[in-house]
Amino acid sequence: MEFEQLQIRVGTKIKKLREEKGISQQDLAAMCNFEKGNMSFIESGTRNLTLLSLYKISKALGVDVKDLVDVG
């Protein structure tokens, strides 16, 4: 899998989990101390995530980091 495809799949997974939990993109961004625009880039797969960002998102969503990157 190419890196760009991985970014898109991780972003899609984050969006899916966020929506399942009924959290708006704005609220998730605020919970992670990100700008809403950055969260939009993350979910679209156009932003390269750091481990710290993945950790913050996982905590805000109440899941393990591995749940965000397990894209099969």
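Because only heavy atoms are used, hydrogens play no part in the values below, and waters and symmetry mates are left out as well, while side chains stay in. A quick note: this is a predicted structure, and the numbers were derived from the prediction, not measured.
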>> I'd like to check Leu61 versus Arg18 (side-chain heavy atoms, cut-off strictly below 4.5 Å). Are they in contact?
In response: yes
> Quick one: does Thr12's side chain have a donor or acceptor within less than 3.5 Å of a partner on Ile8's backbone?
Replying inline: yes
>> Nearest 0.5 angstrom please: Asn48 CG to Glu4 CD, how far?
In response: 9.5 Å
>> Testing Val10, Val69, Leu68 one by one against Leu49 for a side chain to side chain contact (heavy atoms under 4.5 Å, CB included), which residue passes?
In response: Val10
Report all side-chain donor-acceptor pairs from residues 23-38 shorter than 3.5 Å, counting only partners two or more places apart or in another chain.
unit_1	atom_1	unit_2	atom_2	d
Ser24	OG	Asp27	N	2.9
Ser24	OG	Asp27	OD2	3.3
Gln25	OE1	Lys36	NZ	2.9
Gln25	NE2	Glu43	OE1	2.8
Asn38	OD1	Arg47	NH1	2.6

> CG of Leu51: more than 12 outside heavy atoms within 6.0 angstrom?
Replying inline: no
> NZ of Lys16 to NZ of Lys21: how many Å apart, nearest 0.5 Å?
Replying inline: 10.5 Å
> Tell me the salt bridge (Lys or Arg N to Asp or Glu O under 4.0 Å) pairs involving residues 55-67, sequence neighbours left out?
Replying inline: none
> Hey, are the side chains of Ile42 and Ile57 touching, using non-hydrogen atoms and a 4.5 Å cut-off?
Replying inline: yes
> Can you check whether Asp70's main-chain N or O pairs, donor with acceptor, with Lys13's side chain at less than 3.5 Å?
Replying inline: yes
> Is Leu54 linked to Met39 within one hydrophobic cluster, defined over Ile, Leu, Val, Met, Phe, Trp and Tyr using a side-chain heavy-atom separation of less than 4.5 Å?
Replying inline: yes
